[in-house]
Asker: 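Dropping the structure in here first, questions after.
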Number of protein chains: 2
Amino acid sequence: MSKSEYLAGYDPRAYPAVAVTVDVVALTIIGGVLHVLLVERGEPPYAGRWALPGGFIRPGEDLDQAALRELSEETGMTDRVHIEQLASYGAPDRDPRMRIVSVSYLAFAPDLPDPQAGSDAADAAWYGIDNLPKLAFDHERILGHALERARAKLEYTPLATAFVGETFTISELRRVYESVWGVPLHAGNFHRKILSVPGFVESTGETTESGGARGGPRAKLYRAGDARLLHPALLRPEREEEIR
Amino acid sequence: MSKSEYLAGYDPRAYPAVAVTVDVVALTIIGGVLHVLLVERGEPPYAGRWALPGGFIRPGEDLDQAALRELSEETGMTDRVHIEQLASYGAPDRDPRMRIVSVSYLAFAPDLPDPQAGSDAADAAWYGIDNLPKLAFDHERILGHALERARAKLEYTPLATAFVGETFTISELRRVYESVWGVPLHAGNFHRKILSVPGFVESTGETTESGGARGGPRAKLYRAGDARLLHPALLRPEREEEIR
DNA sequence: AGAATAGTGTCTATCAGACACTATGTC
DNA sequence: GACATAGTGTCTGATAGACACTATTCT
């Protein structure tokens, strides 16, 4: 069959159906450690294995809507949730049931409630990023890509404010960066840097009710500013190993 | 129907089929101007309208493979082509025929041959980025996202070397940046900056056969180095308007 | 000769990071 | 009192960008 015949006669409806799913990498910070939301699968394939929450898109539903729905089914949250699309995965054998193309999403939220298991999941829980179980499908790869994206976006967008409350201190913001990047940052320099980026944070004029748990003065409170990009960016410390 | 019943009974095969396509934003530089590959649609919907090259994924084919196939059908090129995935688009009404989720790809190549129209396309041509026709579907949106991604990736990856030949001069590389970013750059500072980024380019020891068309000394030739990330990055000049 | 280009020298304002220090709070 | 934290001062090395200049090659 020539290329022309192949193309002219190609009709997707003549082939086995393709299904499209969304998989959500939902991140939050618990006790200073980055956590990801996982569900324990109740049905084959991979029954009993942990996986990213996700599911099939429904008729009339846009991809973003599907991701937000899947997330709210597990967490109940729809407010103050930042969600954005990541990559899509379509290896022919990535799901043993049928051809499935999955669109992955990244979500961030502050102090999330305990997750609720959906009916297709036996359980749902937040897992510390350094304490992950083996995941179903190609979800480890998806999670890896999502983490790298999250780390990079902290550098040049005000994304970190999505991990904290409506108002926050500079130290709280610093702990977000430290948790996601996994490196300690210099408190003094970080403080100055944040305040020097136009539109990143704006002062509320208030301070915390009391000092820190282990002492220290009351900290000034800030809220997210109107910047969509940070300029100059907050660059991660040198990562020589990633360059080549 | 409760959430549980809905989820437990949900079977994608019970719903109208979803089709998955790939759409490729292929960029090259012709005469110092960034160009994008477009095809003129031969069949409804949008017959006669220009669109991004693309098509349905085939059984057994990964997404990346599908994108490369679509690109080679129009250009005949498979070598020295950089291709990478961008976003996916799945608005329920983005194609009038049926539910179609499209995965977009970005491709770059140097001095491409004239495009060949596939049988599903009436024509194929390179369009200057400032001289585009009205596009079919949501392809203007896809193209906009692709351009922004390409511009950003020039900053922190050696992607520019994908637009030039195997060996190139620093000036050729500068013209890539100027074409894609659409701004003039300072030749002297650019030169020094490129050579200061470890692994971006490496000298071949050769020079051009002759000086430039309008005079000037022979330029040293370089080839792409082994860096995957540029550090420090080559930042675009200030873009105040994009920050908020 | 005149013009354009390759490549280098140099200066300045800015910035990241190191270090130090004060003030304020908790235990 | 001991200790941790918030926030600021200051210094240094690196860098981006402006400007200048020389050498080379084309028309």
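Proteins get letters first, then strands, A, B, ... in listed order; numbering begins at 1 in each. Note that these values count all heavy atoms, side chains included, but never hydrogens, waters or copies made by symmetry.
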Asker: Quick one: which of C:dA6, D:dT25, D:dA6 gets closest to the side chain of B:Ala219?
Answerer: C:dA6

Asker: So does A:Ser171 get a side-chain nitrogen or oxygen closer than 4.0 Å to the phosphate oxygens (OP1/OP2) of D:dA6?
Answerer: yes

Asker: Pick base, sugar-phosphate or nothing for A:Ala213, based on heavy-atom distances below 4.0 Å to the nucleic acid.
Answerer: sugar-phosphate

Asker: Is it true that A:Tyr177 and A:Phe190 have ring centroids separated by less than 6.0 Å?
Answerer: yes

Asker: Taking the basic N atoms (NZ, or NE/NH1/NH2) and the acidic carboxylate oxygens, is any pair closer than 4.0 Å for B:Glu206 and B:Lys220?
Answerer: no

Asker: Less than 4.0 angstrom between a side-chain N/O of B:Arg214 and OP1 or OP2 of C:dA3, yes or no?
Answerer: no

Asker: Using whole Å, report how far CZ of A:Phe190 lies from P of C:dA18.
Answerer: 15 Å

Asker: Measure the distance from CG on A:Leu230 to P on C:dC15 and round it to the nearest whole Å.
Answerer: 14 Å

Asker: What integer distance in Å separates B:Arg218:CZ from D:dA23:P?
Answerer: 18 Å

Asker: Which nucleotide sits closest to the side chain of A:Asn189: D:dT8, C:dG17, D:dT5?
Answerer: C:dG17

Asker: Contact class for B:Thr169 vs. all strands (heavy atom < 4.0 Å): base, sugar-phosphate, or nothing?
Answerer: nothing

Asker: Tell me the interatomic distance from A:Tyr222, atom OH, to D:dG7, atom C1', rounded to whole angstroms.
Answerer: 9 Å

Asker: Could you tell me the separation between the CD atom of A:Glu209 and the C1' atom of D:dT5, rounded to a whole number of Å?
Answerer: 18 Å

Asker: Of all the choices, C:dG7, D:dC19, D:dG9, which nucleotide is nearest to the side chain of B:Arg192 once you look at every atom?
Answerer: D:dC19

Asker: With nearest nucleotide decided by heavy atoms, which residue, A:Gly215 or A:Leu195, maps closer to the 5′ end of DNA chain D?
Answerer: A:Gly215

Asker: Without decimals, in angstroms, what is the distance between A:Glu172 CD and D:dG7 P?
Answerer: 11 Å

Asker: If you measure from the Lys or Arg side-chain nitrogens to the Asp or Glu carboxylate oxygens, is any gap between A:Lys134 and A:Glu140 under 4.0 Å?
Answerer: no

Asker: Taking the side chain of B:His186 as heavy atoms from C-beta outward, which of C:dT8, D:dC19, C:dG7 is closest to it?
Answerer: D:dC19

Asker: Less than 4.0 angstrom from a charged side-chain N to a carboxylate O is my criterion; do B:Arg236 and B:Glu155 meet it?
Answerer: yes

Asker: For B:Ala233 and B:Pro217, take the nucleotide of DNA chain D holding the closest heavy atom to each; which residue's nucleotide lies nearer the 5' end?
Answerer: B:Ala233

Asker: Classify the ring geometry between B:Phe137 and B:His139 as parallel (under 30°), tilted (30 to 60°) or perpendicular (over 60°).
Answerer: tilted

Asker: Take the protein atom CD1 of A:Ile194 and the nucleotide atom P of D:dT8, then report the distance between them rounded to whole Å.
Answerer: 14 Å

Asker: Nearest whole angstrom, please: distance from the P of D:dT22 to the NE2 of B:His191.
Answerer: 18 Å

